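Just below is one structure, and these are the notes that go with it.
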Amino acid sequence: MTLRCIAGIETPDQGRIILNERILYDSHQGINVPIRDRKVGFVFQNYALFPHLTVAQNIAYGLRKLPRNAINRRVGEQLAQMKLTGLGDRYPNQLSGGQQQRVALARALAPEPDILLLDEPFSALDTHLRNELEKQLIQTLSRYMGLAIFVSHNLEEAYRVTQKLMVLDHGQVVAAGDKQAIFDRPNTLTVAQLTGCKNYSRIQPINRHTLRALDWDCTLQTTEVVTAAHTHIGIRAHQITFVDPREPSPPNTFPAWVVWTSETPHRMTVYLKLGEPPLDTEDYHLQAEVFKEKWVRLKDRPMPWSIALNPDRLMLLHA
Amino acid sequence: MIWSPLLLSLQVTLVASLLISILGLSIGVFLARKKFPGQIVISTLLNLPLVLPPSVMGYFLLLVLGRGSPIKEWFGIDILFTWQAAALASTVVALPLMVESTRAAIANVNPELEAAARTLGSTEWEVLRQITLPTAYRGILAGFGLSVARGLGEFGATLMVAGSIPGRTQTLPLAIYDAVQMQRYGLANVMVLIMTAIAFGVLWWVRHLEARHPQSKPRSSPGKHPDETERRSSEAVAPLYPRRELYR
């Protein structure tokens with residue numbers, strides 16, 4: 001929706017859209033630049049290639065005002081860059097999904113727009129193809145001089161493709177800035193969940209560096225200062241550490257029972273219950289992720305295990 | 001005896017087709033694109049000729065064209081009982097088919113295509129001419145075919161506004177009625193055969209148009225696909241182009 005407003009496909013109720021100091025929309029001043037004059041490139045979720053035009057004609061569509069030989073040159077360049085050479089005379093329905101997507105990208109880039117808007121361009125593709133096209137897109141974007149906005153529901157995908165992130169929840173900006181900072185310090189529960197944080201608990205502050213994790217039934221030390229605004233605490237599944245009981249225990253070490261494990265090709269997800277043995281497989285507090293090699297060494301240790309929630313890794317969150 | 005009604009029918013249908021294509025296309029585009037209060041009323045009125053008895057349509061046309069009507073009294077145009085009136089009757093009766101088909105075909109065009117064209121610098125007129133109409137043209141042509149066939153077979157309203165004057169307003173359907181009245185079955189048979197053949201031909205063409213929908217066209221050279229590893233996710237592409245619903 002945000003992209004559609006920037007492109008002018010949808011008209012917002014109110015507000016302002018400014019692109020490189022050019023006012024595209026301003027509800028107060030009554031400015032609403034028509035789509036055709038906004039110089040935006042838009043890659044639609046389902047590509048929206050013109051079915052009655054060939055690949056070359058699709059790419060040339062935004063170049064109609066140029067002289068013929070300039071059009072031909074640019075179309076040729078785009079075809080070569082997108083590895084579509086030789087497919088210029090095909091119709092869109094004669095192409096594979098990946099090829100269609102590259103045509104859509106070429107068509108959007110050909111007129112050299114000020115901004116490139118990508119609306120979940122990979123959502124219609126299967127996983128293998130997604131990875132291929134993601135690489136291709138990263139390369140293409142590195143050549144592109146303008147601004148590009150990439151919308152995705154997959155934050156890891158967004159992390160790989162972009163430099164800066166902005167997280168929107170129900171139309172509100174909940175986080176914006178450097179992508180690493182957002183993953184390291186999500187600050188709100190929504191962002192933590194969106195960035196793939198599996199473990200979170202409601203909290204009751206005790207003092208500046210101590211709190212009670214209500215859902216995990218334990219008391220935790222934190223490096224960050226606990227304030228009244230914090231409502232939750234979280235820790236990423238791969239940052240839970242397994243402590244050798246013979247060694248001195250670090251802060252926030254608790255006895256834990258394995259409730260359930262689930263296997264992925266290279267990793268184990270271990271569901272843990274703190275403090276006492278679990279009642280059933282749904283009765284767990286935390287999910288920890290460990291590599292298989294480590295799991296082989298861990299799995300024969302006697303219960304309960306000792307696990308540590310490193311105070312540096314605990315993320316204090318607002319609601 | 002048979003040439004006169006046949007030629008007259010063709011002449012009437014030709015003029016009616018012209019009117020149908022201009023009026024039907026513009027009304028269809030307008031109804032598909034613009035939302036305005038009272039739209040349902042207008043659409044319903046436009047569809048009335050489909051269900052009203054031709055005599056009722058003919059009567060309305062008499063009111064519009066006949067004595068006391070603005071067209072006759074103010075502009076002095078009197079086309080009652082001429083072949084032009086027959087053409088007008090054909091147009092009015094056949095128009096809804098064209099309007100509805102055009103409207104449906106245009107409404108079925110994926111709005112993303114039009115949005116894409118706009119982001120690529122197209123004016124609304126260019127979008128219509130270069131994207132919307134070319135994508136919808138099969139549905140529009142099919143509707144045109146149906147309208148022409150319907151207009152060619154127009155009988156009741158034509159009889160009321162143009163009469164059945166041999167050599168002047170007697171089109172094929174009227175001539176068939178006449179021939180049967182006068183028990184000239186040989187002549188009637190020939191004309192019935194001609195009418196049926198033309199109608200069959202047009203409907204066959206319409207079916208053909210629908211079957212060769214551009215999105216259902218098979219991919220060419222399926223064996224030598226240069227990029228076979230990239231499977232097409234057909235679920236994601238197909239729902240954008242629902243089958244045309246022409247005969248609702």
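Sequence lines set the chain letters: A, B, ... in the order given, protein chains first and strands last, and positions in each chain run from 1. The shown structure was predicted, so the numbers you read here are calculated from the model rather than taken from an experiment.
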| So does B:I40 have more than 12 non-hydrogen atoms from other groups sitting under 6.0 Å from CD1? | no
| note | Closest non-hydrogen contact found for A:A48 with B:A116 is O-CB, 4.1 Å
| For the candidates A:R38, A:R4, A:K39, A:Q45, which exhibits the highest count of non-hydrogen atom pairs separated by less than 4.5 Å from chain B? | A:R4
| Heavy atoms of other groups near A:R16 CZ, more than 12 under 6.0 Å | no
| query | Hey, mind stepping through B:L120 and A:R107 against side-chain contact (heavy atoms from CB on, under 4.5 Å) and telling me if it holds? | reply | CA-CA 8 Å; B:L120 293 165; A:R107 182 181 68 178; 3.5 Å; yes
| task | Output, in order, the C-alpha distance, side-chain angles, deciding distance and verdict of side-chain contact (heavy atoms from CB on, under 4.5 Å) for B:T119 and A:R36. | result | CA-CA 5 Å; B:T119 64; A:R36 63 174 177 276; over 6 Å; no
| task | Give a yes or no on whether A:E77 atom CD has more than 12 heavy-atom contacts from other residues, nucleotides or ligands under 6.0 Å away. | result | yes
| message | Check this for me: B:W204, atom CH2, are more than 12 non-hydrogen atoms of other residues, nucleotides or ligands nearer than 6.0 Å? | response | no
N/O donor-acceptor pairs under 3.5 Å from side chains in residues 20-27 of chain B, not counting sequence neighbours:
{"from": "B:S21", "atom 1": "OG", "to": "B:S17", "atom 2": "O", "distance (Å)": "3.0"}
{"from": "B:S21", "atom 1": "OG", "to": "B:L18", "atom 2": "O", "distance (Å)": "2.8"}
{"from": "B:S26", "atom 1": "OG", "to": "B:I22", "atom 2": "O", "distance (Å)": "2.5"}
{"from": "B:S26", "atom 1": "OG", "to": "B:L23", "atom 2": "O", "distance (Å)": "3.3"}

| said: Is it the case that the side chain of A:H52 and the backbone of B:Q130 share a donor-acceptor pair, with hydrogens and angles ignored and the cut-off at 3.5 Å? | reply: yes
| message | To the closest 0.5 Å, what do you measure between CD1 (A:I9) and CZ (B:R118)? | response | 8.5 Å
| task | With a 4.5 angstrom heavy-atom cut-off, could you sort out which part of B:E114 is near chain A: side chain, backbone, both or neither? | result | neither
| field | Atom NZ of A:K164: over 12 foreign heavy atoms under 6.0 Å | value | no
| message | To check you understand the geometry: which heavy-atom pair defines the closest contact between A:L49 and B:L113, and what is its length? | response | O-CD2, 3.1 Å
| said: Counting only heavy atoms from other residues, nucleotides and ligands, does the tally under 6.0 Å from OH of A:Y144 exceed 12? | reply: yes
| task | Flag the pair A:F50 / B:T135 as yes when at least one side-chain heavy-atom distance between them is below 4.5 Å, and no otherwise. | result | no
| query | What are the two closest non-hydrogen atoms of B:A115 and A:F44, and how far apart are they? | reply | CB-CZ, 3.9 Å
| request: With a 4.5 Å heavy-atom cut-off (strictly below), which parts of residues 60-75 of chain A touch chain B? List them by number. | output: A:Y61, A:G62, A:R64, A:K65
| said: Check this for me: A:M166, atom CE, are more than 12 non-hydrogen atoms of other residues, nucleotides or ligands nearer than 6.0 Å? | reply: no
